[in-house]
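Each remark here refers to the structure printed beneath this line.
All residue numbers refer to positions in the sequence shown, counting from 1.
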Amino acid sequence: MLIEVLKSKIHRVTVTEANLNYVGSVTIDEELLEAANMIPGEKVAIVNNNNGERIETYIIKGERGTGCIAINGAAARKFAVGDIVIIISYAHMDFEEAKNFKPFIVFPDTDTNRIVK
């Protein structure tokens, strides 16, 4: 039996761009992607702490060290620059494997979206 479990989470980052006239997706700083064990093209859920909106989209790699969190396409109507969001990815795993799996959770600084060391 396979179950869907939390794989990765970037907890509380600030939206730096909202680009309505873009194909779609979310652009995330490469440094955050690596820390959270996420990859370009991966499906993610994004939760907006400011207004409760929740979307699903896919990742585009952003420039390393910029702190970029850009909500692109139609979702830009539901997210604004300055909103605090949580970005979540899930994985399908065997039930027994999932019992011991430890998700990758990152807690960046919300002012800069950079990893707090």
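Atom CD of E96 sits about 8.5 Å away from atom CE of M1, to the nearest 0.5 Å.
Remark: side-chain polar atoms of T16 are paired, donor with acceptor, to backbone N or O of I69 under 3.5 angstrom. Within the 3.5 Å criterion, the main-chain N or O of C68 finds no donor-acceptor partner in the side chain of N113. In this structure a side-chain-to-backbone donor-acceptor pair under 3.5 Å is present from K7 to N37. In this structure a side-chain-to-backbone donor-acceptor pair under 3.5 Å is missing from T110 to R12.
Nearest heavy-atom pair, L6 versus P103, reported as atom, atom and distance to 0.1 Å: O-CB, 3.6 Å. In terms of heavy atoms, A35 sits closest to I115 at CB-CD1, 3.7 Å. Here the closest non-hydrogen pair linking A36 and K9 is CB-O, 4.5 Å.
Under the 4.5 Å side-chain contact rule for hydrophobic residues, V106 and I86 do not share a cluster. Linking ILVMFWY residues whenever their side-chain heavy atoms come closer than 4.5 Å, directly or via other members, places V15 and I10 in the same cluster. Tracing side-chain contacts under 4.5 Å through hydrophobic residues (I, L, V, M, F, W, Y), one never reaches V13 starting from I60; they form parts of separate clusters.
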Please report, to 0.1 Å, the donor-acceptor pairs under 3.5 Å made by any side chain of residues 43-50, with sequence neighbours excluded.
residue : atom : partner : partner atom : Å
K43     : NZ   : E56     : OE1          : 3.4
N48     : OD1  : N50     : N            : 2.8
N48     : OD1  : N51     : N            : 3.4
N48     : ND2  : N51     : OD1          : 3.3
N48     : ND2  : K78     : O            : 3.2
N48     : ND2  : D83     : OD2          : 2.8
N50     : OD1  : I84     : N            : 2.7

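Within the structure, the ring pair (Phe, Tyr, Trp, His ring centres under 6.0 Å) test picks out the following pairs touching residues 4-37 (sequence neighbours left out): H11-F107.
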